Structure formats: structure tokens, C-alpha cells
Visitor: 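My structure is below; once you've seen it, I'll send some questions.
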Amino acid sequence: MKDVIRHLEIHPLRDMLYDELHSRPFQVIPSPARITHIALQVNEQQKQEQFLHLQKLHELLGYEIPGQETHCYEQTFGDLRIRWEKHLEFTSYTFINLAPQAQQDPFSEQGISVLPAGWLEQLPGTVIAAFHIAIEDAREVQEPEPNEVKPWFEQMRLIGSSPQNGDARVWTTFRLHSDGFGRFLMYNKRMSDSQLGRLVQRLVEIETYRLMTLLALPEARRTSPVLSDMDTQLAQITEALAENGTEDEGALLSELTEMAARIEAFRAQTTFRFSASRAYADLISSRLDELREDEVSGHLTINEFLGRRLLPAVRTCNTVGERLEDLSRRVDRVSDMMRTRVEMAIQHQNRELLSSMDKRSKIQLMMQHTVEGLSVAAISYYLVGLVKYLLEALYGAGVAFDKAVATGIMVPIVLLAVWLATRRIHHHFHTLAESELPEVQARKKRNERRKRD
């Protein structure tokens with residue numbers, strides 16, 4: 001039975017779906033250790049360049065060069081462990097010094113201290129997050145007091161946390177220090193190496209995602225004043241339409257179209273950033289819940305600090321995004337109203353034009369009837385002249401009759417014949433027009449049906 005699966009059709013992504021859950025495993029980190037984490041914004045080309053740069057590091061350290069690129073690559077070089085991860089819009093490096101020297105200042109030695117000279121400086125990408133984590137073993141040695149910790153953070157205000165229900169103590173400032181890096185100091189009280197690795201991973205993700213979340217804040221601050229101006233402009237247009245019906249609809253519609261184009265440009269620039277900010281904020285919230293923090297007397301916890309400073313920034317971005325969508329909908333509604341007014345004005349003009357054309361047609365018809373009457377008289381006059389010549393020819397041939405009486409008798413006969421011929425011609429054209437009218441109407445209906453389809 002164990003070979004049954006081999007005879008079934010297997011989905012081509014089945015192995016990948018299994019491996020995805022294990023693609024970024026938690027690390028096992030001993031105490032003490034020194035860690036440096038760097039996250040860089042990159043494009044696809046820079047991701048490939050980073051892998052080539054990682055291969056160069058293997059060559060410099062004398063290790064086998066990896067041939068296949070993965071989403072998460074981890075390798076240990078003696079006392080140095082390197083982990084490289086690819087994310088959607090950034091990559092991250094975690095350098096772990098597994099055997100740091102015992103020193104008074106825990107940040108005098110970092111995870112990048114054992115890297116070959118010059119390798120890190122040539123790393124492709126734009127740095128968005130860079131911080132050191134110093135892990136000390138406090139399971140047998142008493143941890144220092146907060147006033148003793150503060151000099152290692154350059155006298156900045158400390159944020160203290162006792163995660164995992166007090167099994168560890170974490171100090172940080174969420175600020176950059178003189179070396180351009182952030183700092184975390186962690187004391188391991190009762191945690192195993194696996195538990196410590198999971199805690200470090202959560203702190204790394206919180207700090208990295210915090211910075212990625214705040215990338216949307218400058219966009220929100222830049223966009224908000226422009227939206228306020230457009231909101232005021234839209235309110236003025238709407239008020240003008242409500243109070244004065246004689247406004248130039250064409251000019252207002254052009255103004256609304258320009259405003260809609262600007263809004264769409266802002267949406268194209270900010271939609272991804274605001275959506276990413278919300279996604280990162282949700283990840284931070286879940287990681288903070290997993291910390292299970294206890295309060296350190298007199299200090300804000302990580303959860304309290306981020307809840308006070310980060311969440312308002314996220315709400316600002318969400319509010320600007322919602323304002324952008326709301327303004328877009330309002331502009332669309334006013335534009336629809338303007339288009340309706342313009343169409344009604346055009347229809348009114350068309351009705352006036354048709355009415356004017358109808359009046360002109362009636363005048364032309366009356367003139368045509370007048371001309372037709374004159375034409376009957378003129379044609380009859382010429383025909384009577386021809387008949388007179390015919391009568392004179394007959395009289396000259398010896399036929400005896402009164403030419404004056406015969407000519408007088410022929411005048412009403414010719415008039416009646418010309419009038420009947422004219423009416424017959426009119427009747428023929430009228431019948432022809434009526435026979436073509438259904439075809440014209442059917443053609444119009446077909447054209448309208450095509451437009452609707």
C-alpha cells in the first residue's frame with residue numbers, strides 16, 4: 001500500500017506547498033550571541049546581484065559556493081552563521097556571531113564583526129532596517145540594573161520588556177545610534193536555545209515590519225494637503241451647481257475631469273504602499289501578541305510603545321487612503337450629474353434646432369406649393385402656345401373652325417392635364433418615401449442595438 005501514491009496523478013505544486021511551511025524555520029541561538037540584522041529594499045536585478053555577492057562570501061571564507069538560489073538560505077561558517085531571506089519588496093541578512101568575546105560593552109562586538117573586510121560595503125540594495133541584538137546569558141549571572149544598561153544605549157530613553165512571561169528581559173530605544181544601527185539588548189533568564197531563537201525572530205520581524213509600515217506615512221503626509229484642497233474645490237463646484245443653474249457646464253465638467261485624473265494618479269502612487277502598510281501592521285500585531293510581555297517597572301513595554309506611536313501612523317495612512325477613495329466616488333457622482341445636465345442642455349438645443357428646422361421646412365413647403373402653382377401656370381402657358389401653333393397649322397391645311405374658340409377651349413383642358421400630371425408625380429414620390437421609411441427605422445433600430453451590445 002505504501003507505493004499506491006506513485007500510481008496517482010500528483011499536482012505539480014504539491015512538494016512546493018509542503019516545503020513552503022518549512023521555508024523559514026526558527027533558528028536555534030545560544031547564549032551569549034551577537035546578531036546583526038539588515039533589511040534592504042531591492043528590485044529583481046538586485047536580488048540576483050545579492051545572490052552572486054553571497055556566493056562571493058563563500059569564496060572569501062573558503063566554503064563551497066551554493067549553486068541554487070532559494071527564498072531562505074542559511075549557512076554556518078565556523079562561529080559565524082548567515083541567513084539570507086527574500087521577501088516581496090525587500091531582502092534581509094541575519095549575521096550571528098555564535099562565540100562572542102566577553103566584554104563590558106555588549107555592543108562593542110556585533111554579528112558583522114567577523115565578516116571579511118569590504119564585503120558588507122558592496123552589498124546591493126537600499127538599507128531600510130539595520131540593528132544589532134546583543135544576547136547575554138542571565139541564567140546564572142544577575143542582570144544589570146536599568147541605570148547600568150542606559151550608557152550602552154548612549155543615554156537614550158529605554159523601552160523595557162519581559163517577554164515570554166518574564167523568561168527574558170529586552171531593552172531597546174527604537175532609535176538609531178551613533179554607528180547608524182538600532183540596538184536590542186536581551187538577557188536570557190529561563191529560555192532554551194530554541195525558545196530564544198523564536199523570540200529573536202519575533203523581535204527581528206517587529207522591527208523590520210515597523211519600518212516597512214512607516215514607509216507609507218510620508219506618502220500620506222504628502223497627499224493629505226492636496227486632498228484637502230481638492231475637497232474644498234469639489235465643495236465649491238457642488239455649491240455653485242446647487243445655487244446657480246447658469247454655470248458653464250462644459251468648463252465645470254473639464255475641471256472635474258482634471259480633478260479625477262489627479263486623484264487616479266495619487267491612487268496609482270499610493271494604493272500599493274497603503275495596502276502594504278496595513279499588511280505589515282497586521283503582522284506586527286500578531287507578533288506582539290506572541291511576545292506575551294510583562295511590564296518592567298517604570299518603562300514602556302514594546303507593545304505599549306508601538307501601540308502609542310505606530311498605530312496612529314497606520315490609522316493616518318488608512319484615513320488618507322479612505323479619503324482618496326471617498327473623494328474619487330464624490331467626483332464621479334458630481335461628474336455624472338454634470339454629464340446629465342450637459343446632455344439635457346444638448347437635448348434642449350437639439351429640440352430648438354429641430355423646431356427651427358421644422359418651421360423652415362414648413363415655410364419651404366409653402367414656398368414650394370406657391371412655386372408649383374406658378375409652374376403649372378407657366379407650363380400651361382407654353383403648352384397652350386404649342387396647341388395654338390397646332391391649330392393654326394390645321395386651319396392652314398384647310399380645316400374650317402374658329403381658331404379663337406378652339407384656343408379658348410384648350411386652355412382649361414391643358415391646365416387640368418398639367419395639374420393632374422403634377423399631382424400624379426407628387427403621389428408617386430410620396431408613396432416611394434413611405435415605402436422607404438420602415439427600412440430607415442429598422443436600420444436605426446439595428447444601429448441602436450449594436451451600440452447597446
Side-chain angles (χ1 to χ4, degrees), residues 24 36-50 71-72 83-94 120 123-133 156 159 172-177 179-184 201-228 262-289 291 302-328:
R24 291 185 174 93
T36 299
H37 184 81
I38 300 177
L40 306 99
Q41 279 192 305
V42 292
N43 53 36
E44 292 301 321
Q45 180 180 354
Q46 289 174 327
K47 287 181 181 180
Q48 298 176 2
E49 293 174 355
Q50 281 193 2
H71 289 283
C72 180
R83 180 169 178 153
W84 177 58
E85 299 181 42
K86 290 196 303 182
H87 301 266
L88 180 62
E89 56 178 332
F90 69 93
T91 60
S92 64
Y93 287 85
T94 304
L120 187 62
L123 196 61
T126 304
V127 176
I128 185 65
F131 50 92
H132 302 303
I133 301 177
M156 296 181 184
I159 296 169
T172 187
T173 60
F174 288 112
R175 290 181 177 273
L176 295 177
H177 296 75
D179 58 355
F181 286 79
R183 293 181 180 180
F184 287 85
Q201 184 68 23
R202 294 186 184 107
L203 292 176
V204 164
E205 292 176 349
I206 287 173
E207 178 66 355
T208 303
Y209 295 154
R210 175 182 74 90
L211 295 169
M212 295 300 297
T213 300
L214 292 176
L215 282 177
L217 187 58
E219 291 287 345
R221 289 173 175 169
R222 179 180 65 87
T223 306
S224 183
V226 182
L227 294 183
S228 298
R262 294 175 62 192
I263 291 173
E264 289 303 316
F266 278 115
R267 290 177 66 184
Q269 296 170 5
T270 60
T271 297
F272 172 77
R273 192 72 269 155
F274 289 163
S275 299
S277 176
R278 290 190 293 270
Y280 288 130
D282 292 340
L283 289 173
I284 292 174
S285 179
S286 65
R287 299 302 185 267
L288 289 173
D289 292 339
L291 285 181
I302 295 175
N303 204 334
E304 290 172 339
F305 178 80
L306 294 182
R308 179 177 176 271
R309 300 300 303 163
L310 181 65
L311 293 184
V314 175
R315 293 191 186 101
T316 298
C317 297
N318 292 340
T319 300
V320 172
E322 292 171 358
R323 283 187 63 191
L324 195 58
E325 296 297 328
D326 178 67
L327 188 59
S328 176

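From a predicted model like this one, the values you see are computed outputs, not experimental measurements. For reference, positions follow the sequence shown, starting with 1.
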Visitor: For T213 and R210, which I'm curious about, is there any donor-acceptor pair between the side chains at under 3.5 Å?
Guide: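 The criterion, which ignores hydrogens and geometry beyond distance, is not satisfied for R210 and T213.
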Visitor: For R315, does its backbone N or O pair with a side-chain atom of T319 as donor and acceptor, under 3.5 Å?
Guide: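 Pair found, side chain donor or acceptor close to backbone of R315.
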Visitor: Is there a side-chain contact between T316 and L217 (heavy atoms, below 4.5 Å)?
Guide: yes
Visitor: Report yes if some heavy atom in the side chain of I206 is under 4.5 Å from a heavy atom in the side chain of L283; otherwise report no.
Guide: no
Visitor: Do Q201 and E205 meet the criterion of a side-chain donor-acceptor pair at a distance under 3.5 Å?
Guide: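 Checked: Q201/E205 side chains pair up, N/O donor to acceptor below 3.5 Å.
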Visitor: Of all the heavy-atom pairs spanning S277 and A216, show the shortest one and how long it is.
Guide: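 Taking every non-hydrogen atom into account, CB-CB, 3.7 Å.
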Visitor: Nearest 0.5 Å, what's the CE-CD1 distance between M212 and I284?
Guide: 10.5 Å
Visitor: Can you tell me how far the CD atom of E322 sits from the CG atom of L327, to the nearest 0.5 Å?
Guide: 13.5 Å
Visitor: V42 and Q50: side chain to side chain contact (heavy atoms under 4.5 Å, CB included), yes or no, with the steps?
Guide: CA-CA 9 Å; V42 292; Q50 281 193 2; 3.3 Å; yes
Visitor: Scan side-chain atoms only and decide if R323 and S228 contain a donor-acceptor pair under the 3.5 Å cut-off.
Guide: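 Side chains of R323 and S228: pair found under 3.5 Å.
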Visitor: If you compare all heavy atoms of F272 against all heavy atoms of E89, which two are closest, and at what distance to 0.1 Å?
Guide: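 So the minimum-distance heavy-atom pair works out to CE2-OE1, 3.7 Å.
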Visitor: Heavy-atom count around R222 CZ within 6.0 Å, excluding the residue itself: above 12?
Guide: yes
Visitor: When you check the side-chain N and O atoms of Q45 and E49, is any donor under 3.5 Å from an acceptor?
Guide: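 Result is yes, a qualifying pair exists.
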Visitor: Which class fits the ring pair Y280 and Y209: parallel under 30°, tilted 30 to 60°, perpendicular over 60°?
Guide: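 The arrangement is parallel - the two ring planes meet at less than 30°.
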Visitor: Would you check if H87 and H71 make a side-chain contact, meaning some heavy-atom pair closer than 4.5 Å?
Guide: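 Result no, sub-4.5 Å side-chain heavy-atom pair not found.
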Visitor: Rounded to the nearest 0.5 Å, what separation is found between the CG atom of L40 and the CD atom of Q46?
Guide: 8.5 Å
Visitor: Would you please test N318 and F274 for side chain to side chain contact (heavy atoms under 4.5 Å, CB included) and show each step?
Guide: CA-CA 7 Å; N318 292 340; F274 289 163; 5.8 Å; no
Visitor: Is the closest side-chain donor-acceptor distance between T270 and E219 under 3.5 Å?
Guide: no
Visitor: Run Q41 and L215 through side chain to side chain contact (heavy atoms under 4.5 Å, CB included) and show every step you take.
Guide: CA-CA 11 Å; Q41 279 192 305; L215 282 177; 3.5 Å; yes
Visitor: I38 versus L120: any side-chain heavy-atom pair under 4.5 Å?
Guide: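 Result yes, sub-4.5 Å side-chain heavy-atom pair found.
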Visitor: Please step through side chain to side chain contact (heavy atoms under 4.5 Å, CB included) for the pair L306 and L311, ending with a clear verdict.
Guide: CA-CA 7 Å; L306 294 182; L311 293 184; over 6 Å; no
Visitor: State, yes or no, whether a side-chain contact exists between F174 and I302 at a heavy-atom distance under 4.5 Å.
Guide: yes
Visitor: Would you give the length of the straight line joining atom OG1 of T223 to atom CZ of R273, rounded to the nearest 0.5 angstrom?
Guide: 13.0 Å
Visitor: Side-chain contact, heavy-atom cut-off 4.5 Å: I159 with E304?
Guide: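 A side-chain contact under 4.5 Å is absent here.
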Visitor: Report the distance from atom CZ of R308 to atom CG of N303, rounding to the nearest 0.5 Å.
Guide: 14.0 Å
Visitor: Closest heavy-atom contact between M156 and L176?
Guide: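 M156 and L176 have their closest heavy atoms at CE-O, 3.3 Å.
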Visitor: Are E207 and R202 close enough for a salt bridge, meaning some N to O gap below 4.0 Å?
Guide: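 A salt bridge is absent here (no side-chain N lies under 4.0 Å from a carboxylate O).
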Visitor: Once you round to the nearest 0.5 Å, how far does CZ of F305 lie from CZ of R309?
Guide: 7.0 Å
Visitor: Could you tell me if the side chain of R83 sits less than 4.5 Å from the side chain of C72, heavy atoms only?
Guide: yes
Visitor: Do F90 and T208 come within less than 4.5 Å of each other through their side chains, counting heavy atoms only?
Guide: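 With C-beta onward as the side chain, the pair touches.
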Visitor: Tell me whether T91 contacts the main-chain N or O of E85 through its side chain, where contact means a donor paired with an acceptor under 3.5 Å.
Guide: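 No, because the side chain of T91 does not come within donor-acceptor range (under 3.5 Å) of the backbone of E85.
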Visitor: If the plane angle is over 60° it's perpendicular, under 30° parallel, otherwise tilted; pick one for H37 and F131.
Guide: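 Tilted.
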